[in-house]
Amino acid sequence: MIEDIAKISSKGQVTIPAVIRKKLNLKQGDRIFFIESEDGIVIKKSTALDEFLEFQKAFSENAKEAGITEAELLKEVKQIRAKHFKNGKARNS
């Protein structure tokens, strides 16, 4: 297990220690995200898929709170796809 300490700047910025950057294969311009767990906060390199899955989870929770069923949601998604995509390519609205 890797352990290291970093200092927070007056602007709330933190330099990720080199050993952690290497372990996560982080390069300049990469995005990371923070996940709260029972043990604390986890830092993970963000990929487009990771961001989509987090968005999907939040969207699903919001839909459930709003009383939207999965069937209603799927119907709406199909309508949006039909409107904006043709032959797998996005169309301008």
Please determine whether the number of non-hydrogen atoms from other residues, nucleotides or ligands lying under 6.0 Å from atom CD of E70 exceeds 12.
no
Within the side chain of S37, is there an N or O that forms a donor-acceptor pair under 3.5 Å with the backbone of I41?
no
Examine V19 and L24 and state if one hydrophobic cluster contains both, with Ile, Leu, Val, Met, Phe, Trp and Tyr joined whenever side-chain heavy atoms are less than 4.5 Å apart.
yes
What one should report as the nearest heavy-atom pair of A6 and T15 is CB-O, 3.5 Å
When hydrophobic residues are tied together by side-chain contacts of less than 4.5 Å, even through go-betweens, does I68 share a cluster with F59?
yes
Answer yes or no: is there a donor N or O on one side and an acceptor on the other, between the side chain of D30 and the main chain of K27, under 3.5 Å?
yes
Evaluate the criterion side-chain contact (heavy atoms from CB on, under 4.5 Å) for residue pair F33 and I43; output intermediate values, then yes/no.
CA-CA 6 Å; F33 66 98; I43 300 173; over 6 Å; no
Evaluate the side-chain proximity of T47 to F52: yes if any heavy-atom separation is below 4.5 Å, no if none is.
no
Do you reckon F34 sits in the same ILVMFWY cluster as L26, going by side-chain contacts under 4.5 Å, direct or chained?
yes
Donor + acceptor pair across side chains of K64, N62 (<3.5 Å)
no
From OG (S46) to CD1 (I35), nearest 0.5 Å:
9.0 Å
Could you check whether any side-chain N or O of E72 sits under 3.5 Å from a backbone N or O of T69, counting only pairs where one atom can act as donor and the other as acceptor?
yes
Report yes or no: does R21 contribute a side-chain atom to a donor-acceptor pair with the main-chain N or O of I16 at less than 3.5 Å?
yes
Roughly how far apart are R81 CZ and L74 CG, rounded to 0.5 Å?
8.5 Å
Side-chain donor/acceptor of K45 to backbone N/O of N25, under 3.5 Å
yes
